[in-house]
Amino acid sequence: MDMKSVEKKWQTKWEKSKINVFNKKNADKKLYVLEMFSYPSGANLHVGHWYNYGPTDTYARFKKMQGFEVFQPMGFDAFGLPAENYAIKTGIHPKDSTEKNIATMETQLRNMGAMFDWTAEIKTCEENYYKWTQWLFLQLYKKGLAYRKEALVNWCPDCGTVLANEQVIDGQCERCNSVVLRKDMTQWFLKITDYAEELLSDLNKIDWPEKTKLMQKNWIGKSTGCEINFECETGDTITVFTTRPDTVFGVNYVVLAPEHPLVEKLKAAHPERATAIDEYVRYASEANDIDRMSTSREKTGTFTGAYAIHPLTNKQIPIYLADYVLYSYGTGAVMAVAAHDERDYAFATKYGLPVTQVIQKVGGETVLPFCEDGILVNSGAFDGLSGDEARDAIAVHLTKIGKGGKKVNYRLRDWSVSRQRYWGAPIPMIHCPACGVVPVPEKDLPVKLPYDVEFRPNGKSPLASNEGFMKCTCPNCGGKATRDPDTLDTFVCSSWYFLRYPEAKNDKQPFSKEIANKMCPVDVYVGGSEHACMHLLYARFITKALRDMGYIDFDEPFKRLVHQGIILGPDGNRMSKSKGNVVSPDKYVNEYGSDIFRLYLMFGFSYTEGGPWNDDGIKSIAKFVDRIERLVRKSTEKTTASHNDKTSAEKQLDYAKNHAIKAITRDVELFSFNTSLARLMEYVNAMQKYDADNEVKNVAFYKTCVEDLIRMLTPFAPHLSEELWEITGHKSSVMEESYPLVDEQALIKDEIEYAVQVNSKIKAKMMIPESLSDEDIQATVCAYPEIAELLEGKTVKKCIIVKGRLINLIIG
RNA sequence: GCGGUCGUGGCGGAACUGGCAGACGCGCAAGACUAAGGAUCUUGUGGGUAACUCCAUGCAGGUUCAAUUCCUGUCGACCGCACCA
């Protein structure tokens, strides 16, 4: 079969019949199947795209044949750094290169033959989309979920620009490998931390891979502990956070992060330490990410000269600065318990500070630092309590005396969304000298991204140098004002796109509440696991925020999530141009066609595992397809020899068919495409055997077997199946057929083969009638000559029967 | 360092809630049809052994009538987080 022309033929027919377009009339049976949209980076689809989209399309088609009204849209995550970097290198404008790439990728995606509903296409870089991304930002601002603050950003001194976190690889610039520095800049943040608890607890509600849920859980990083106040000699209070209030009697010193605001006051109170403090603060601020983040780095710090008062013992506690304490977590200050914390122990040992043991190991010698739970000692009234008891009792006591109390902290930080980059959605904010920060009125959206901009990096936002863009009037007072020169992180664009698809052309709203509630959440979302703590977390946050603002009624964007595995290069490494191990799908698609290529992707790998590319098997898939074609063509030949009853051969074939239907129906649901195809192959083998062995067939029965085969194959090889369906004399599309249902009757066998074990070793196999009771089975087995021989002179102590599988006789 | 996933033939990979390990396919071998076959079909194929049988799911133990599956330890690969108090 000439797959090229067959594919073209059916793609054209599908296009004409609008079979892939979602039919709103059937919305009550909707199933929203979504693949993560692509970034239009290169011109051609790579194996990863195919591996994501091909098998998922099979799932979608399968569900459609089961009667669901499937909505499977496709679009492009078109803003972002690669296009801009490419522009910096080549001078080709990001808009031009992106549009060109999209055009090519669209063609390739159409040639793939997936049932994407192209009427719902989205491109995030188009005005009719980013207008609503800006609208989203304004709603978050109104709700108090977007705010501005000074923060440290990644700064590449060689490129002279700010880098996104994703552009920093192991503390280095991904482009020039310079060590990235930290720089203070005023940035927009989204308050994802407001949703930390719900983002954590709602993980229980969603059908996602456990691994991904765990990654989000760790990323959110809830820790339950206690805040404790230390009165400082300056009259200020240092609040520390600890998960180990049970060790509070062992506090040897208090540590502030070098960025802590109290540092200035302490310095003023202790001029003799001013030089040392200044030096240390400078040292800490100059440390780059690699050094600062390394756990093996030697602890450093300096004494402030000041003391705090221990809230329970009233002892004087020295206050230190050290950069192993992070300003951005908790209160930016900790109580150091050298005896029971490895870091504090290392620091105390280095600076000759005392180490006070307050926890004793249960059953064994206590070796310091001892960081596990034990029994309290040297802790006044709390002596003898265990860890849990002590943590509770001490927290309660601290609350009573007003020196602290229980507290929950999260590791999750607010989401920094300002990018000093050109190719993104402009932040719809205006800076007015008189009124301050003023949001752009919604009626003025979109804030258009100008085309003529010098986007080569010079350390400032590219838009800042574009006067036409920057100059504006304040919507509040009408005076001269300037626009925010930054653009939004592209993850903002992709945090809500699934809401837009059902109404991609709506020019009045981003989406309507009614349709969003009907179409969403996404029923099955398929994409790579690398987005676990970025896109997938952001989308959950935005969904919850929109719900709280009353725009939608559901809590979670993606009900079920599946990650495809990664196809590696033939050498077992990740595909990369520099390694020269990139496999291009085009070569195979041209040679074998899109159906065979996707069949091979499904058959050759375990979908969620992926693995090294190997094309040995692709020919075998081509052979498999040939066999089916021959079988189908032969079945259409005129034959007069027929009979109407069901012989045992037909019963066997019927069994094989229904066995395959049952297994495939179960396995496709689990995204287990390789086993689904294995069952389909078994069925084809059974048909071949029947065809070869039976000159005289039950023609009517065989015809349904052939037609069911085509139906069963349709989601896996849609073009081929349409062609075969036509060959068997049908005028309609096979995609309008129902997926065959299991006839359970056909699966009932008169006799089942049992494995017979004696003392857990297999001794025989025998056929046993289905209907026998356990007693009868045992009697039958014991009477079987081979077994009876082994039983001679022994008694059967126990007989274990696993219905339909195995019998184990324990004798002695 | 912490957390997680995974180790099965020459290869890709199967094995539902513990129940006949190796489904399906590749490769390989033999045969058939052939002038020929890189086409097609048939048969065989975990390892050792002449055979009865024995040994096999990274390694070492344990639980069980029964372990690829559960538990403990250990080695290796991969992924995520990483001074989070």
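All of these numbers come straight from a predicted model, not from anything done at the bench.
The side chain of A/Met215 lies closest to B/G80, out of B/G80, B/G19, B/G13. When distances run from any side-chain atom of A/Arg679 to the nucleotides B/A23, B/G19, B/A85, the shortest one goes to B/A23. Side chain of A/Ala678, nearest nucleotide from B/C20, B/A23, B/A14: B/A23. Here the side chain of A/Lys761 is nearest to one of B/G19, B/C55, B/G3, namely B/C55.
Between A/Asn674 and the phosphate of B/A14, there is a side-chain N or O to OP1/OP2 separation shorter than 4.0 Å. Residue A/Asn685 places at least one side-chain N or O under 4.0 Å from the OP1 or OP2 atom of B/G25. Contact between the side-chain N/O atoms of A/Thr675 and the OP1/OP2 oxygens of B/A23 is not found at any separation under 4.0 Å. Look at A/Tyr324 and you won't find any side-chain N or O under 4.0 angstrom from OP1 or OP2 of B/A85.
With a cut-off of 3.5 Å on both Watson-Crick or G-U wobble distances, the partner of B/U63 is given as none. If you check B/U49 for Watson-Crick or wobble pairing at under 3.5 angstrom, you find it has no partner at all. Remark: B/G44 base-pairs with B/C28; criterion is Watson-Crick or G-U wobble with both hydrogen-bond distances under 3.5 Å. As the counterpart of B/C33, no nucleotide is assigned, since no Watson-Crick or G-U wobble pattern has both distances under 3.5 Å. Across every strand in view, B/A14 sits unpaired, with no contact that passes the Watson-Crick or G-U test at under 3.5 angstrom. Of the nucleotides present, B/C75 is the one that pairs with B/G7 by Watson-Crick or G-U wobble criteria, both distances under 3.5 Å. The base-pairing partner of B/G22, taking Watson-Crick or G-U wobble contacts with both distances under 3.5 Å, does not exist among the strands shown. Pair assignment for B/C2: B/G80, on the basis of Watson-Crick or G-U wobble contacts that are both within less than 3.5 Å.
With both ends at atom C1', the span from B/G38 to B/G47 equals 31 Å, rounded to whole Å. Straight-line distance between the P atoms of B/C28 and B/A35: roughly 25 Å, to the nearest whole Å. Rounded to a whole angstrom, the distance from the C1' atom of B/G62 to that of B/G9 is 28 Å. Rounded to whole Å, the P atom of B/A60 lies 23 Å from the corresponding atom of B/C65. Comparing B/G7 with B/G19, their P atoms sit 16 Å apart, to the nearest whole Å. The separation of B/A32 from B/C59, taken at their P atoms, amounts to 42 Å, rounded to a whole angstrom. Comparing the P positions of B/C2 and B/U68 gives a spacing of 30 Å, expressed to the nearest Å. Spacing between B/A23 and B/C11 at atom P, rounded to whole Å, works out to 15 Å.
Residue A/Ile768 contributes atom CD1, which lies 19 Å from atom P of B/G19 at whole-angstrom precision. What separates CZ of A/Arg666 from C1' of B/A15 is a distance of 11 Å, to the nearest Å. Rounded to an integer number of Å, the gap from A/Leu806 CG to B/C65 C1' is 10 Å. B/C26 atom P lies 16 Å from atom CZ of A/Phe605, rounded to whole Å. The CD-P distance, from A/Gln757 to B/A21, rounds to 7 Å in whole Å. The CD atom of A/Glu609 sits 13 Å away from the C1' atom of B/A14 (whole-angstrom rounding). When rounded to the nearest whole Å, the span between OH of A/Tyr327 and P of B/C83 equals 18 Å. Rounded to whole Å, atom P of B/A85 lies 13 Å from atom CD of A/Glu227.
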Test log, rule side chain to side chain contact (heavy atoms under 4.5 Å, CB included), inputs A/Gln757 and A/Ile807 = CA-CA 6 Å; A/Gln757 298 182 331; A/Ile807 298 147; over 6 Å; no
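Taking the ring centre of A/Tyr655 as origin, the terminal cationic atom of A/Lys749 falls inside the region bounded by 6.0 Å and 45° from the ring axis.
Ring pair A/Tyr588/A/Tyr600: centre-to-centre distance not below 6.0 Å. For A/Trp415 and A/Phe189, the ring centers sit 6.0 Å or farther from each other.
Nucleic acid contact for A/Gly221: none, since no nucleic acid atom lies under 4.0 Å from a heavy atom of the residue. Contacts of A/Ile762 with the nucleic acid, taken as non-hydrogen atoms under 4.0 Å apart, involve only primed sugar atoms and P, OP1 or OP2. Nucleic acid contact for A/Phe603: base, since at least one base atom lies under 4.0 Å from a heavy atom of the residue. Residue contacts for A/Ser529: at a heavy-atom cut-off of 4.0 Å it reaches no nucleic acid atom on any strand shown. Counting non-hydrogen atoms under 4.0 angstrom, A/Asp616 reaches the backbone sugars and phosphates but no base. Across all strands, A/Gly610 comes closer than 4.0 Å only to sugar-phosphate atoms, never to a base (heavy-atom distances). Nucleic acid contact class of A/Arg413 (heavy atoms, under 4.0 Å, all strands): base. Note on A/Ile810: only backbone sugar-phosphate atoms sit closer than 4.0 angstrom, heavy atoms only; bases stay farther off. Residue A/Glu210 is out of contact with every strand shown, counting any heavy-atom pair closer than 4.0 Å.
Judged by distance alone, with hydrogens and angles left aside, A/Lys798 brings no side-chain donor or acceptor close enough to the base of B/C65 to form a pair under 3.5 Å. The base of B/C83 is paired with the side chain of A/Lys299 by a donor and an acceptor separated by under 3.5 Å.
Map A/Leu677 and A/Tyr600 each onto its nearest nucleotide of RNA chain B; the residue landing nearer the 5' end is A/Tyr600. Judged by closest nucleotide on RNA chain B, A/Pro612 is the one of A/Pro612 and A/Lys763 placed further toward the 5' end.
Of all the heavy atoms in A/Phe347 and A/Thr300, the pair that sits closest is CE1-O, 3.4 Å.
Among A/Arg633, A/Arg630, A/Lys697, the one residue that satisfies the salt bridge (Lys or Arg N to Asp or Glu O under 4.0 Å) test with A/Asp691 is A/Lys697. With A/Phe597 as reference, A/Trp50 is the one residue of A/Trp50, A/Tyr51, A/Tyr592 to meet the ring pair (Phe, Tyr, Trp, His ring centres under 6.0 Å) rule.
Between A/Lys634 and A/Glu637, none of the side-chain N atoms (NZ, or NE/NH1/NH2) sits under 4.0 Å from a carboxylate O, so this pair counts as no salt bridge. Contact check on A/Asp388 versus A/Arg391 returns a salt bridge, with a Lys/Arg side-chain nitrogen under 4.0 Å from an Asp/Glu carboxylate oxygen.
Under the side-chain contact (heavy atoms from CB on, under 4.5 Å) criterion, A/Lys406 pairs with A/Asp392, A/Ala395, sequence neighbours left out.
Rounding to the nearest 0.5 angstrom, the gap separating the CG atom in A/Asp414 from the OG1 atom in A/Thr193 is 3.5 Å.
Remark: the backbone N or O of A/Asp344 is paired with a side-chain donor or acceptor of A/Tyr253 at under 3.5 angstrom.
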Would you list the protein and nucleotides 38-44 of chain B atom pairs, both N or O, that sit under 3.5 Å from each other?
residue : atom : partner  : partner atom : Å
B/U40   : O3'  : A/Arg630 : NH2          : 3.4

